[in-house]
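This structure is a prediction, so every number in the text was calculated from the model and none was measured. Each chain gets a letter, A, B and so on, in the order its sequence line appears, and its residues count up from 1.
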Number of protein chains: 2
Amino acid sequence: MTERAVVKAVEVVVWLRTLIHERTLLTGMRLPSERVISEQLQTSRVTTREALKMLETQGLIYRSNRRGWFVTPPRINYDPGRAMFFMEYVAEQGFKPFSHQISKKRVLADTALASLLSIEEGDSLVELKRVRGADNRPVYVETILLPERRLPGIYDHDLAHSVTTVLKEEYNKPCMNVELEVISSSLDKDAAEVLQAPVGYTSVEIHRVSRDAQGALVEYDVEHWRHDALKLKVEFNIRS
Amino acid sequence: MTERAVVKAVEVVVWLRTLIHERTLLTGMRLPSERVISEQLQTSRVTTREALKMLETQGLIYRSNRRGWFVTPPRINYDPGRAMFFMEYVAEQGFKPFSHQISKKRVLADTALASLLSIEEGDSLVELKRVRGADNRPVYVETILLPERRLPGIYDHDLAHSVTTVLKEEYNKPCMNVELEVISSSLDKDAAEVLQAPVGYTSVEIHRVSRDAQGALVEYDVEHWRHDALKLKVEFNIRS
DNA sequence: TAGTGGTCTAGACCACTGC
DNA sequence: CAGTGGTCTAGACCACTAA
């Protein structure tokens with residue numbers, strides 16, 4: 001039988017998926033421990049972990065540090081085209097959002113950065129790092145770079161909440177044009193730590209370049225999302 | 001030492017990554033077998049596989065069936081906003097693209113589909129399935145749905161190449177507006193088979209809804225990409 | 001401190017691929 | 001047919017979390 005080889009881990013997958021779908025296990029709840037599952041279904045722990053990792057890839061469950069496996073909450077809809085900021089649209093979807101600033105400092109553009117952002121080498125940038133999440137679960141880390149020469153005094157503004165709002169209201173730069181780059185990747189050590197996930201966890205990486213009406217870059221942003229927490233939505237017109 | 005626990009698999013990761021970065025292992029080449037690696041680095045096969053899976057998640061290597069592990073080719077840049085079709089933009093990036101039609105048939109819209117596509121229940125749709133890839137490596141499968149009532153005679157057109165072109169030139173529908181939904185997920189059995197990947201392989205799922213100038217839906221498309229083969233690019237203006 | 005996940009070992013058999 | 005990856009076992013010790 002061709003099936004035989006796959007059957008054990010898949011059995012565990014099916015068993016757990018059923019528990020989730022029939023709502024015996026609810027969103028956010030802890031799963032039984034790996035050892036308990038193994039005993040219950042007469043498998044080794046390795047096989048059980050194999051199954052858990054499959055469900056993790058599907059986005060149905062996730063793990064947090066060494067605390068256990070949990071049923072994944074619904075994904076957050078993220079539409080970078082809407083002029084709203086995180087706290088708003090996440091609350092709108094029924095979550096309790098949070099946002100913590102990790103660091104804020106000045107950096108100088110090296111050659112690579114300068115050419116990437118079309119600024120001069122040695123130009124000063126404000127670098128902002130933050131984590132954001134919903135219902136006490138961190139979902140993404142981001143690093144924002146703001147060219148100080150184009151945004152004089154930006155360092156002293158309160159950027160803890162919405163950078164977009166500050167750009168729009170204080171600098172009259174509504175960031176009309178956005179360029180997005182999205183790839184599937186994995187979390188490095190730093191990002192994993194902040195997101196309370198294991199190193200190597202599947203992630204979605206979003207690079208966002210925002211330009212003002214004159215086409216000048218005003219914000220460069222890199223986001224690392226837990227892969228299972230994000231549903232990205234974009235709307236645009238075809239350029240022909 | 002906190003590090004001790006992670007060291008073995010990471011050693012293997014570092015070793016292989018070095019081989020790839022110093023170009024001892026080139027794009028598309030097969031890696032040494034799991035048993036050889038294990039012997040070389042004095043680890044068990046389980047640990048070696050752990051390392052290989054980490055590199056796979058990072059997108060640096062991939063596996064094909066039971067043939068072995070290979071160094072991942074560069075990602076394909078996919079920009080749904082450009083009015084070009086697969087064969088063109090992939091060739092433009094230096095790959096040798098291919099596209100195979102898997103099936104083409106009529107389906108009737110059930111309740112769910114009808115409300116999703118804003119058509120009438122029971123309406124006829126043309127369903128098209130195809131695989132596409134580059135350099136003999138399949139990278140995504142897609143299912144296209146075309147409402148026949150809005151596109152009379154669409155079933156008999158040659159859709160093997162570019163549906164977009166047919167819509168534009170034969171139906172005068174340049175698909176002005178596109179709605180994209182992107183999530184990270186995993187391949188089911190069918191998709192995995194077609195993409196020559198293991199069941200559960202990390203994937204990027206793209207749902208694309210295209211509308212004509214009157215706002216009527218003319219194409220619904222679901223794509224399942226190998227996660228490591230795609231770099232999605234989108235450009236748009238913020239709606240405020 | 002008890003229990004959890006994280007890592008690791010040294011085997012084993014199977015299904016499939018490519019020669 | 002030899003070699004590959006895919007699956008599985010029955011243990012083990014560790015680092016960390018939560019009570």
Side-chain angles (χ1 to χ4, degrees), chain A residues 1-16 29-57 61-71 136-137 186-187 189 192-193 195-201, chain B residues 1-16 29-57 61-71 136-137 186-187 189 192-193 195-201:
Chain A
M1 275 175 285
T2 311
E3 302 306 323
R4 181 65 182 85
V6 204
V7 118
K8 272 295 187 57
V10 170
E11 252 175 44
V12 181
V13 166
V14 169
W15 187 69
L16 286 169
M29 274 177 65
R30 243 200 75 216
L31 271 59
S33 82
E34 297 177 358
R35 287 166 178 89
V36 168
I37 295 172
S38 305
E39 200 184 345
Q40 200 107 4
L41 299 206
Q42 293 293 307
T43 66
S44 71
R45 226 184 112 207
V46 174
T47 303
T48 298
R49 279 176 71 77
E50 184 72 25
L52 291 168
K53 283 174 188 168
M54 285 186 202
L55 288 165
E56 180 186 69
T57 303
I61 64 174
Y62 72 99
R63 46 187 149 163
S64 177
N65 272 338
R66 286 156 197 271
R67 299 194 306 114
W69 295 86
F70 300 83
V71 181
N136 291 317
R137 178 176 173 240
S186 69
L187 299 177
K189 196 161 154 281
E193 209 161 284
L195 295 181
Q196 295 170 15
V199 176
Y201 203 82
Chain B
M1 273 178 283
T2 311
E3 303 304 324
R4 182 67 182 85
V6 203
V7 118
K8 270 293 186 57
V10 170
E11 250 174 45
V12 180
V13 167
V14 169
W15 186 68
L16 286 169
M29 274 177 66
R30 244 201 75 215
L31 271 59
S33 83
E34 297 177 357
R35 288 165 175 88
V36 168
I37 296 173
S38 305
E39 199 184 345
Q40 199 107 6
L41 299 205
Q42 293 292 306
T43 66
S44 71
R45 224 182 115 208
V46 174
T47 304
T48 298
R49 278 175 72 78
E50 183 73 25
L52 290 168
K53 283 174 187 167
M54 285 186 201
L55 287 165
E56 182 185 67
T57 303
I61 65 174
Y62 72 100
R63 45 186 151 163
S64 177
N65 273 336
R66 287 156 197 270
R67 300 194 306 113
W69 295 86
F70 301 83
V71 180
N136 292 315
R137 179 177 173 239
S186 68
L187 299 178
K189 195 161 154 283
E193 210 161 282
L195 295 182
Q196 295 170 17
V199 176
Y201 203 83

Let me know the distance between CD of A:Glu193 and C1' of D:dC16, rounded to the nearest Å. 13 Å
Find every protein N or O atom lying less than 3.5 Å from an N or O atom of nucleotides 17-19 of chain C, and list the pairs.
unit_1: C:dG18; atom_1: OP1; unit_2: B:Arg67; atom_2: NH1; d: 3.4

Kindly say whether B:Glu39 contributes a backbone atom to a donor-acceptor pair with the side chain of B:Thr43 at under 3.5 angstrom? no
Within this structure, what is the CD-to-P distance between A:Glu56 and C:dG5, rounded to whole angstrom? 13 Å
Might you point out which heavy atoms bring B:Ser186 and B:Gly200 nearest each other, and give the distance in Å? CB-O, 3.5 Å
In Å and rounded to the nearest 0.5 Å, what is the CZ to OH distance from A:Arg137 to A:Tyr62? 5.0 Å
In whole angstroms, the gap separating P of D:dC8 from CZ of B:Arg49 amounts to 11 Å
Is A:Ser33 near enough to C:dG3 that one of its side-chain N or O atoms lies under 4.0 angstrom from OP1 or OP2? no
d(NZ, A:Lys189; C1', C:dG6) in whole Å: 16 Å
Can you tell me how far apart CG (A:Leu187) and OG1 (B:Thr57) are? Round to the nearest 0.5 Å. 10.0 Å
What is the distance from OH of A:Tyr201 to P of C:dG5, rounded to the nearest Å? 14 Å
Expressed in angstrom and rounded to an integer, what is the separation of A:Arg30 atom CZ from D:dT17 atom P? 14 Å
Identify the heavy atoms of A:Ala9 and A:Ala51 that sit nearest to each other, and give their distance. O-CB, 3.3 Å
Pull out every protein N or O sitting under 3.5 Å from an N or O of nucleotides 9-13 of chain D, one pair per line with the distance.
unit_1: D:dT9; atom_1: OP1; unit_2: A:Lys8; atom_2: NZ; d: 2.7
unit_1: D:dT9; atom_1: OP2; unit_2: A:Ser44; atom_2: N; d: 3.0
unit_1: D:dT9; atom_1: OP2; unit_2: A:Ser44; atom_2: OG; d: 3.1
unit_1: D:dT9; atom_1: OP2; unit_2: A:Thr47; atom_2: OG1; d: 2.8
unit_1: D:dA12; atom_1: N6; unit_2: A:Arg45; atom_2: NH1; d: 3.4

Mind calculating the distance between OH (B:Tyr62) and P (D:dG5) to the nearest angstrom? 14 Å
Suppose we screen for side-chain hydrogen bond (donor to acceptor under 3.5 Å, both in side chains). Which residues come up paired with A:Arg67, at least two apart in sequence or across chains? A:Ser64
For residues A:Glu56 and A:Trp69, is any side-chain donor paired with an opposing acceptor at under 3.5 Å? no
Would you find a donor on one side and an acceptor on the other, under 3.5 Å apart, between the side chain of B:Gln196 and the backbone of B:Glu193? no
Working to the nearest 0.5 angstrom, can you tell me the gap between B:Leu16 CG and B:Leu41 CG? 7.0 Å
Return the value, rounded to whole Å, for the distance between atom CD of A:Glu34 and atom C1' of C:dT7. 11 Å
